[in-house]
Amino acid sequence: MNNHNGWTTGQALRGFVVSVGIALGTGLAFAQGAIEAITGSIQGGSEVIRIDLSQPLAAAPTGFSIQSPARIALDFPGVTNGLGRSVTEINQGNLKSVNVVQAGDRTRVVLNLKQSAGYRTQVQGKTLLVLLDPSVATAPVSAQPAFAESRNRDASPLRDLDFRRGAEGSGRIVVALPNNQVGVDIRQQGQTLVVEFLKSTLPEGLRRKLDVSDFGTPVQTVTTFQVGDRVRMVIEPKGDWIHSAYQSDEQFVVEVSRQKVDTTKLTQGPGYNGQKLSLNFQNIEVRSLLQVIADFTNFNIITSDSVTGAVTLRLQDVPWDQALDIILQAKGLGKRKTGNVIWIAPNDEILQKEETERKSRLAVETQDLVRTQSFQINYAKAVDIAVQLTAGGGGDKSAGRVLSARGSAIAEPRTNQLFVTDVSAKLEQVQQLIQKLDVAIRQVMIEVRIVEATDNFGKSLGVKFGGTDQRANKGGDGGYQISGNNRIAFGASYSDAVAASGGGGTVNSTGNFVNLPAIQSFGGTPASFGVSIFNAVANRFLNLEISALEAESKGRVVSSPRVVTADGKKALIKQGEQIPYQVCGLNGCTTTFKDANLRLEVTPQITPEGNIIMDLDVSKDSRGESTDAGPAINQKNVNTQVLVDNGGTVVIGGIFELEEKNDEAKVPWFGDLPGVGHLFKNRSRDARKKELLVFVTPRMITDRSASR
């Protein structure tokens, strides 16, 4: 009977966890066989799992266990899965189910437990018995294993401590160790991360508190101090964060990054979507570690002979592809993936191999026979595609070419065909490119509404006031004598006042000594009201005429140009008149014409989401006031870029004008008299409002995205 004590190191899959580790004990050769049955029972208070095989086992299989989640894994080299299924439900005692996974020439049996427990194995011919110890739920919890065990006898000083900002805004603390035998313990305490370097000392120059909040990482401070025979580092991040640590030779790195929550992804690492795993190894060979990842991912990993060295690392719940990148970055390695095969080698070796392959491809193209193939272009222009296939950029004429140096392309415009001469490999690339370029372009109808609204209001009030004296001015008007002895006389002018007093002269028969009528507004004629006062013999008249006007004008002009164009193509539509005007110079005057148009220029672009981006230039010009040089032109223009939903309407611009004017004209002193002063003045008030709005509505009328 063999006893196996597993040590914790787990790899978490979605619902199935495969653990990796170093098994204790010595594995012997196994005969070829198959697992035929797996059953569970309780005997004498102990749980027993019975695994029946087709052939006897030479020795008990190696295995290991993990605590979270509770799993026991057993490896059977040279054994296949003969159950016909990979999952066996038990649901008895502490055992929930059993997973059987065959990979290559071995089979792994994983016991899924409800609670972690120790185990023993016993071989009885063709049967393997796995005896589970009582649950360790009530047993004292053992201390969490350190990141790396200390192998130093004497305390050694740390050489350096540095902080750097990593990719995606992560904080990276880099510690230079005296050697690769320093023990490291890392744990999370509340919202802080504590790292202890066992049997180490801290020089005076490194005993400090680093304030790294300005680096823009989750890490705010890093405090390092001496505690007994160890150096303690306290890292204080903020927000939601995760951490990982790895050691390469004499360099230890702790990386703290922000935790990005994405409910649609299993893993939260930026750019990584592999299944989670946990690794805890000290001074393990890189080649062996890559083999562990290969067993976990079922990828075929080919490792170059130049990959050497060892690494110490502890990763907890990290996507496997991120873990692989960390290992490769620490050792200066690179990878190239083809299908389910990953080739790992030093970066220089990969670059050298790719350069050799490139030269080999060029040599093959040089020796390969060329042939000519014709392509019928349906939607695009053959001339344009020919230019794209052969155009070179910069000083190197071959740069940017799709064809090889021996290739050529000829376009025939009449039949819209393209004739390409090149090697077979390039002809296949040309055919794939033409399938993507020669597609029907979607079309868009753009409708623009230009609304001009006006609202005018005017109000005016005035008077005409005059008088006549028929005795003094026989048959004349325009003057009035107040006193009988002709002491005071009024008139519309000085000559009228003299004539009214009997001093002689010509009398203006239509004059008024107060003439302030209402002002016409918006083409309206003021209304008037007149009163005449005269005596019994009708020889003295006093004329009073009151005129008033209140006018209101409202109008709206709607212009609606529309145009249809293809995706990415500029369209222009305009309507209007050409206004002539003269330009005079030394050689005389010539007549020139200026456009006054309603104009729409637009370039649409359809986004992958079905929205439409438009570069718009909308203008509406009209004939303005007449000047000595010719008529002026009123301009209204908007030039912008806007993103609109298909069929949606948006207001891309608007202008609002408000003009208010109050005028008053009066006779000095008389117009200021209370009450009576209104007979000696007129008043007018104008209010003009103009508003311009531009609406745009794009609609896709052809959708051929499925043909792309």
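On a predicted model such as this, the values are computed, not experimentally measured, just so you know.
Nearest heavy atoms, Ile72 versus Ala117: CD1-O, 3.9 Å. Between Pro157 and Pro203, the shortest heavy-atom contact is CB-CG, 4.3 Å. Ala59 and Val123 make their closest contact through C-CG2, 4.0 Å (heavy atoms, listed as atom of the first residue, atom of the second, distance). Taking all atoms of both residues into account, the shortest heavy-atom contact from Pro218 to Ser170 is CD-CA, 4.5 Å. Minimum interatomic distance between Asn81 and Gly84 (heavy atoms only, all atoms of both residues): OD1-N, 4.3 Å. Across Arg371 and Ser424, no two heavy atoms sit closer than the pair NE-OG, 3.5 Å.
Side-chain N or O atoms of Asn347 include one that pairs as donor or acceptor with a backbone N or O of Gly334 at under 3.5 Å. Remark: the backbone N or O of Asn112 is not paired with any side-chain donor or acceptor of Asn99 at under 3.5 angstrom. A donor-acceptor contact shorter than 3.5 Å links the side chain of Asn94 to the backbone of Lys114. Checking side-chain atoms of Thr356 against main-chain N and O of Gln352 turns up a donor-acceptor pair under 3.5 Å. With hydrogens and angles disregarded, no donor-acceptor distance shorter than 3.5 Å links the side chain of Arg172 to the backbone of Gly166. Listed for the Ser54 side chain is a donor-acceptor partner under 3.5 Å among the backbone atoms of Ala34. A donor-acceptor contact shorter than 3.5 Å links the side chain of Thr107 to the backbone of Val79.
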Run the side-chain contact (heavy atoms from CB on, under 4.5 Å) test on Gln191 and Trp241 for me, step by step, so that the C-alpha distance in whole Å, both residues' side-chain angles and the decisive distance to 0.1 Å come before the verdict.
CA-CA 9 Å; Gln191 294 297 321; Trp241 52 273; 3.9 Å; yes
Checking Tyr119 against Leu74 for the side-chain contact (heavy atoms from CB on, under 4.5 Å) test, could you report, in this order, the C-alpha distance in whole Å, the side-chain angles of both residues, the deciding distance, and whether it holds?
CA-CA 11 Å; Tyr119 73 97; Leu74 303 173; 4.0 Å; yes
Chi angles and distances behind the side-chain contact (heavy atoms from CB on, under 4.5 Å) call for Val212, Arg165
CA-CA 10 Å; Val212 294; Arg165 189 178 191 273; over 6 Å; no
Assess whether side-chain contact (heavy atoms from CB on, under 4.5 Å) is satisfied between Ile326 and Val253, documenting all intermediate values.
CA-CA 11 Å; Ile326 291 174; Val253 179; over 6 Å; no
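In this structure, the side chains of Val195 and Ile173 stay at 4.5 Å or more apart for every pair of heavy atoms. Taking 4.5 Å as the limit, every side-chain heavy atom of Asn180 sits out of range of all side-chain heavy atoms of Thr312. Between Asp211 and Lys209 there is no side-chain heavy-atom pair separated by less than 4.5 Å. Here the side chains of Val234 and Thr221 are not in contact, with every heavy-atom distance at 4.5 Å or above. Using a 4.5 Å heavy-atom cutoff, the side chains of Pro346 and Val307 are in contact. Inter-residue side-chain proximity for Phe76 and Leu57 is flagged as met; some heavy-atom pair is nearer than 4.5 Å. Contact check for Leu328 versus Ile344: side-chain heavy atoms found under the 4.5 Å cut-off. Taking the side chain as every heavy atom from C-beta outward, Thr39 and Ile49 never approach each other to under 4.5 Å.
Rounding to the nearest 0.5 Å gives a distance of 6.0 Å between CD1 of Ile35 and CD1 of Ile51. Atoms CG and CD, from Leu131 and Glu47 in turn, are 10.0 Å apart once rounded to the nearest 0.5 Å. The structure places CD of Gln220 at 9.0 Å from CG of Asp214, a figure rounded to the nearest 0.5 Å. Between the CZ atom in Arg187 and the NE2 atom in His243 there is a gap of 11.5 Å [rounded to 0.5 Å]. Asp321 contributes atom CG, which lies 11.0 Å from atom NZ of Lys337 (distance to the nearest 0.5 angstrom). For the atom pair CG (Leu158) and CE (Met233), the distance works out to 7.5 Å, reported to the nearest 0.5 Å.
A donor-acceptor pair shorter than 3.5 Å can be found between the side chains of Asp52 and Thr127.
Taking a cutoff of 4.0 Å between a charged side-chain nitrogen and a carboxylate oxygen, Glu250 and Arg159 qualify as a salt bridge.
For Lys96, the NZ atom counts as densely surrounded, since its 6.0 Å shell holds more than 12 non-hydrogen atoms of other residues, nucleotides or ligands. For Arg164, the CZ atom is loosely surrounded, since the number of other residues' heavy atoms within 6.0 Å does not exceed 12.
Under the side-chain hydrogen bond (donor to acceptor under 3.5 Å, both in side chains) criterion, Arg336 pairs with Glu354, sequence neighbours left out. Annotation: side-chain contact (heavy atoms from CB on, under 4.5 Å) contacts of Ala345 (sequence neighbours excluded): Ser304, Trp343, Glu349, Ile350.
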Listed pairs under 3.5 Å, donor-acceptor, residues 223-230 side chains, sequence neighbours left out:
from, atom 1, to, atom 2, distance (Å)
Gln226, OE1, Leu202, N, 2.8
Gln226, NE2, Ser200, O, 3.0
Gln226, NE2, Gly228, O, 3.1
Gln226, NE2, Arg230, O, 3.1
Arg230, NH1, Glu196, OE1, 2.4

